[in-house]
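Just below is one structure, and these are the notes that go with it.
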There are 2 protein chains.
Amino acid sequence: MFNRELVKGSTSLLVLQLLNERDMYGYELVKEMDRRSDHNLQMKEGTLYPALHKMEKQEYIECYWQNQKKGPARKYYRITAQGKEILAERTSEWHRYVQVMNNLIGKNES
Amino acid sequence: MFNRELVKGSTSLLVLQLLNERDMYGYELVKEMDRRSDHNLQMKEGTLYPALHKMEKQEYIECYWQNQKKGPARKYYRITAQGKEILAERTSEWHRYVQVMNNLIGKNES
DNA sequence: GTATATACCTAATAATTCTAGGTAGGTGAA
DNA sequence: TTCACCTACCTAGAATTATTAGGTATATAC
């Protein structure tokens, strides 16, 4: 939907925000982002899974397996205390970025 | 200033917007972005020059040399009709992107 | 004559995303 | 019962873009 490069860099912000609301598994994150963005943010699995693994290494999130009665097991992710700090930073950065951009390109156009 | 990946993808939008206001040369674009963003967007020359050359190939902009009485010659860039179309698209895309993101991460925080 | 500012440029590296696969469990229809 | 499809995980290679770290040249100030 969006220019791939424009959205680049907001993956971790989005994931941390969703996990801050509740624990989710990878496949669910993809569907949830699609749903809540009205199909505007269609993150690919090939983008999400490596990003999750990186954030796990950085200890922004941690995971646990949950077997299902039906279907494949799910790997749930939970945000850590450190992850919440990063989320706050990234959110603040996002808002500053939008302000700066809007100043430059004109807030009121189309 | 900002996460390098967050800003990725907005280079062409920024350049087209500035050139839509008036013709500028590369070095000036770098300084002008820095100034108008209160030093938040410090685009590197290594980012800008290749981006300008690409947009020239795409015919979004065109250039002309202007010799100076003092100092090195300047390569001025002018936005084309096609560039103006792209600018309108990119601007609209930017605003949609901000809306979608704000919906997901919560408009009112920090 | 040396440092600094202006003004252009590029090759190599880094970071991220997408493409295009793969594995496996379970359901429903022909 | 086989084939398609959905769930759910994963990764290697290609593509894109930004930064780093240089280079060239003109002109001014000390």
Side-chain angles (χ1 to χ4, degrees), chain A residues 1-16 23-35 37 40-58 60-61 63-77 90 93 97 101, chain B residues 1-16 23-35 37 40-58 60-77 90 93 97:
Chain A
M1 283 290 107
F2 290 126
N3 179 323
R4 134 200 206 156
E5 295 302 327
L6 187 60
V7 181
K8 214 161 177 168
S10 46
T11 299
S12 59
L13 170 56
L14 287 166
V15 169
L16 289 174
D23 293 5
M24 288 193 212
Y25 54 100
Y27 194 79
E28 187 183 14
L29 281 163
V30 171
K31 301 296 175 196
E32 187 68 6
M33 267 183 231
D34 178 66
R35 193 184 66 74
S37 71
N40 280 292
L41 288 174
Q42 303 185 325
M43 186 173 292
K44 303 302 185 297
E45 294 184 29
T47 302
L48 181 64
Y49 287 116
L52 285 172
H53 300 157
K54 190 186 171 193
M55 285 192 279
E56 205 187 340
K57 254 185 207 157
Q58 293 171 315
Y60 299 168
I61 58 177
C63 72
Y64 56 95
W65 283 95
Q66 207 172 79
N67 288 317
Q68 302 303 302
K69 287 173 194 165
K70 303 184 178 183
R74 296 170 177 172
K75 197 176 183 179
Y76 275 87
Y77 288 91
R90 288 264 211 290
E93 186 187 27
Y97 173 54
M101 284 292 290
Chain B
M1 285 290 108
F2 291 124
N3 178 323
R4 134 199 204 154
E5 294 301 327
L6 186 61
V7 181
K8 213 161 180 168
S10 46
T11 299
S12 59
L13 170 56
L14 287 166
V15 170
L16 289 175
D23 293 5
M24 289 192 210
Y25 54 99
Y27 194 80
E28 186 183 16
L29 281 164
V30 171
K31 301 294 177 198
E32 187 69 7
M33 267 184 231
D34 178 66
R35 193 184 67 75
S37 70
N40 280 292
L41 288 174
Q42 303 185 324
M43 186 172 293
K44 303 302 184 297
E45 294 185 30
T47 302
L48 181 65
Y49 288 116
L52 285 172
H53 300 157
K54 189 184 170 192
M55 284 192 280
E56 204 187 340
K57 252 184 208 159
Q58 291 171 316
Y60 299 168
I61 58 178
E62 52 194 22
C63 72
Y64 54 96
W65 283 95
Q66 208 171 79
N67 289 318
Q68 302 302 304
K69 286 172 195 167
K70 304 184 178 184
R74 296 170 178 173
K75 197 174 182 179
Y76 275 88
Y77 287 92
R90 289 264 210 291
E93 185 187 25
Y97 173 53

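Convention: sequence-line order gives letters A, B, ...; per-chain numbering from 1.
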side-chain N/O A/T11 vs C/dT16 OP1/OP2, d < 4.0 Å: no
Are B/L41 and B/D34 side-chain neighbours, meaning at least one heavy-atom pair lies under 4.5 Å? no
In whole angstroms, the gap separating C1' of C/dT10 from CD of B/E56 amounts to 16 Å
Is the shortest side-chain N/O distance from B/Y27 to OP1 or OP2 of C/dC8 below 4.0 Å? no
Judged by nearest nucleotide, the residue sitting upstream toward the 5' end of DNA chain C, A/Q42 or A/K69, is A/Q42
Base, sugar-phosphate or nothing for A/K75? Non-hydrogen atoms, less than 4.0 Å. sugar-phosphate
Full working for side chain to side chain contact (heavy atoms under 4.5 Å, CB included) between A/L6 and B/L13: CA-CA 10 Å; A/L6 187 60; B/L13 170 56; 5.6 Å; no
Send over the distance from A/Q58 CD to C/dA15 P, rounded to a whole Å. 11 Å
Side-chain touch B/K54/B/Y60, heavy atoms, less than 4.5 angstrom: no
Give the first and the last nucleotide of DNA chain D, reading 5' to 3', that has any atom under 4.0 Å from a heavy atom of chain B. D/dT17 to D/dT28
Regarding A/K70, tell me which of base, sugar-phosphate or nothing describes its non-hydrogen contacts under 4.0 Å with the strands shown. sugar-phosphate
For the residue pair B/K75 and B/Y77, would you count it as a cation-pi contact if the rule is NZ or CZ under 6.0 angstrom from the ring centre and within 45 degrees of the ring axis? no
Would you kindly give the CE-to-P distance between A/M43 and C/dT19, to the nearest whole Å? 14 Å
Residues at least two apart in sequence or cross-chain that pass side-chain contact (heavy atoms from CB on, under 4.5 Å) with A/E28, listed by chain then number, are A/R22, A/M24, A/Y25, A/Y76
For A/K44, enumerate each residue passing the side-chain contact (heavy atoms from CB on, under 4.5 Å) test, keeping only those at least two apart in sequence or located in another chain. A/Q42, A/T47
Rounded to the nearest Å, what distance is computed from the NZ atom of residue B/K44 to the P atom of nucleotide C/dA14? 17 Å
Euclidean distance, atom CG of residue B/N67 to atom P of C/dC8 [Å, nearest integer]: 12 Å
Here the residues of residues 45-54 of chain A within 4.0 Å heavy-atom distance, strictly under, of DNA chain C are A/G46, A/T47, A/K54
Test A/L48 against A/Y27 for side chain to side chain contact (heavy atoms under 4.5 Å, CB included), laying out the working first. CA-CA 9 Å; A/L48 181 64; A/Y27 194 79; over 6 Å; no
Residue met sooner reading DNA chain D from 5', once A/K8 and A/Q68 are mapped to nucleotides: A/Q68
Given DNA chain C, 5'-ward residue of the pair A/G71 and B/A73, judged by closest heavy atom: B/A73
Residues that A/F2 engages under ring-ring contact (aromatic ring centres under 6.0 Å, His included), provided they are two or more places apart: B/Y97
Residues forming a side-chain contact (heavy atoms from CB on, under 4.5 Å) with B/S12, sequence neighbours excluded: B/M55, B/R90
Tell me: OH of B/Y77 to C1' of C/dA7, nearest whole Å? 12 Å
